[in-house]
Asker: 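Here it is, the structure in full.
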Amino acid sequence: QVQLVESGGGLVQAGGSLRLSCAASGRTFSMWAMGWFRQAPGKEREFVARISRSGATTYYADSVKGRFTISRDNAKNTVYLQMNSLNPEDTAVYSCAADSSLVLPTISSQIDYWGRGTQVTVSS
């Protein structure tokens, strides 16, 4: 089992940057594949990015590729999402996800554990 707590959300102007953090506690952090999803008002939750247990492999949704970077620090039990060149379409609640699979699923219903989420609002 793992508990996830996100931080770092807020209000930013278009073109700006934010860095989200997700602190994990519980079972050994390096045993979890980690990732981020987001849910905009009136829309379904969607996959954003994932990172392997070691941090060696990452994968991104096309909508954020080249702008967002996911990373993890297993010594600090934390996963990060650096978001650059933000635009209003990035406005959403961003949630951290953990899964015991070797590769984090990109379908939200298949995820083992979730954080509560942090709001990101991008103004035009």
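Remember, predicted model here, so these are calculated numbers, not experimental data.
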Asker: Could you check whether Tyr113 and Trp32 have their ring centres less than 6.0 Å apart?
Answerer: yes

Asker: Please tell me if the side chains of Asp99 and Met34 come closer than 4.5 Å, counting only heavy atoms from C-beta onward.
Answerer: no

Asker: How far apart are the C-alpha atoms of Val122 and Glu89, what are their side-chain angles, what is the distance that settles it, and do they pass the side chain to side chain contact (heavy atoms under 4.5 Å, CB included) test?
Answerer: CA-CA 8 Å; Val122 184; Glu89 290 69 40; over 6 Å; no

Asker: Quick one: hydrophobic cluster around Tyr80, which other residues, with the 4.5 Å side-chain cut-off, linked directly or via members?
Answerer: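 None, because no other hydrophobic side chain comes under 4.5 Å of this residue.
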
Asker: Using 0.5 Å steps for rounding, measure from the CG atom of Leu81 to the OG1 atom of Thr118.
Answerer: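 Between Leu81 CG and Thr118 OG1, I get 11.0 Å after rounding to 0.5 Å.
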
Asker: Would you say Val93 and Arg116 make side-chain contact, with heavy atoms under 4.5 Å?
Answerer: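 Counting from C-beta outward, Val93 and Arg116 never come under 4.5 Å.
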
Asker: I need the Arg45 CZ to Ile111 CD1 distance, nearest 0.5 Å.
Answerer: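 One gets 9.0 Å once the value is rounded to the nearest 0.5 Å.
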
Asker: What is the distance from atom CD of Glu44 to atom OG of Ser109, rounded to the nearest 0.5 Å?
Answerer: 10.0 Å

Asker: With a 3.5 Å cut-off and no angle check, do the side chains of Gln13 and Ser123 form a donor-acceptor pair?
Answerer: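 The answer is no; no qualifying pair exists.
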
Asker: I need the minimum non-hydrogen distance between Ala40 and Ala92, along with the two atoms involved.
Answerer: N-CB, 3.8 Å

Asker: What's the separation between atom CD in Gln110 and atom CG in Leu104, rounded to the nearest 0.5 Å?
Answerer: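 One gets 10.0 Å once the value is rounded to the nearest 0.5 Å.
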
Asker: Do Ser71 and Val79 touch side chain to side chain, with heavy atoms closer than 4.5 Å?
Answerer: no

Asker: Might you point out which heavy atoms bring Ala98 and Val2 nearest each other, and give the distance in Å?
Answerer: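 Looking at all heavy atoms of both residues, the closest pair is CB-CG1, 3.9 Å.
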
Asker: Looking at side-chain heavy atoms only, is the closest gap between Asn84 and Phe68 below 4.5 Å?
Answerer: no

Asker: Please report the shortest heavy-atom distance between Arg53 and Asn74, naming the atom on each side.
Answerer: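 Result for this residue pair: O-ND2, 3.1 Å.
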
Asker: Would you mind reporting whether Ser17 and Val12 have side-chain heavy atoms less than 4.5 Å apart?
Answerer: no

Asker: Distance alone, cut at 3.5 Å: any donor-acceptor contact between the side chains of Asp73 and Thr78?
Answerer: no

Asker: Return the set of residues passing ring pair (Phe, Tyr, Trp, His ring centres under 6.0 Å) with Phe37 (not counting sequence neighbours), or none when no residue passes.
Answerer: Phe47, Trp114

Asker: Return the CZ to CE distance between Arg19 and Met83, rounded to the nearest 0.5 Å.
Answerer: 11.5 Å

Asker: Within the 4.5 Å heavy-atom criterion, are Thr91 and Gln119 side-chain neighbours or not?
Answerer: yes

Asker: Could you pull out the closest heavy-atom pair between Ala14 and Ser124, with the gap in Å?
Answerer: CB-CA, 4.3 Å

Asker: Looking at CD1 of Ile51 and OH of Tyr60, how far apart are the two atoms once the value is rounded to the nearest 0.5 Å?
Answerer: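 One finds 7.0 Å between CD1 of Ile51 and OH of Tyr60.
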
Asker: Any donor-acceptor pair under 3.5 Å linking the side chain of Thr28 with the backbone of Ser30?
Answerer: no

Asker: Answer yes or no: is there a side-chain heavy-atom contact under 4.5 Å between Arg38 and Val120?
Answerer: no

Asker: Do Trp36 and Glu6 touch side chain to side chain, with heavy atoms closer than 4.5 Å?
Answerer: yes

Asker: State whether Phe29 and Arg72 meet the cation-pi test: NZ (Lys) or CZ (Arg) under 6.0 Å from the six-membered ring centroid, and within 45° of the perpendicular axis.
Answerer: yes

Asker: Please tell me whether Arg50 and Tyr59 have a donor and an acceptor in their side chains that are separated by less than 3.5 angstrom.
Answerer: no

Asker: Can you name the salt bridge (charged side-chain N to carboxylate O under 4.0 Å, His left out) partners of Lys43, sequence neighbours left out?
Answerer: none

Asker: Does the Asn77 side chain pair with the main chain of Ala23, one donor and one acceptor, at a distance under 3.5 Å?
Answerer: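 Side chain of Asn77 to backbone of Ala23, a donor-acceptor pair under 3.5 Å: no, none is there.
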
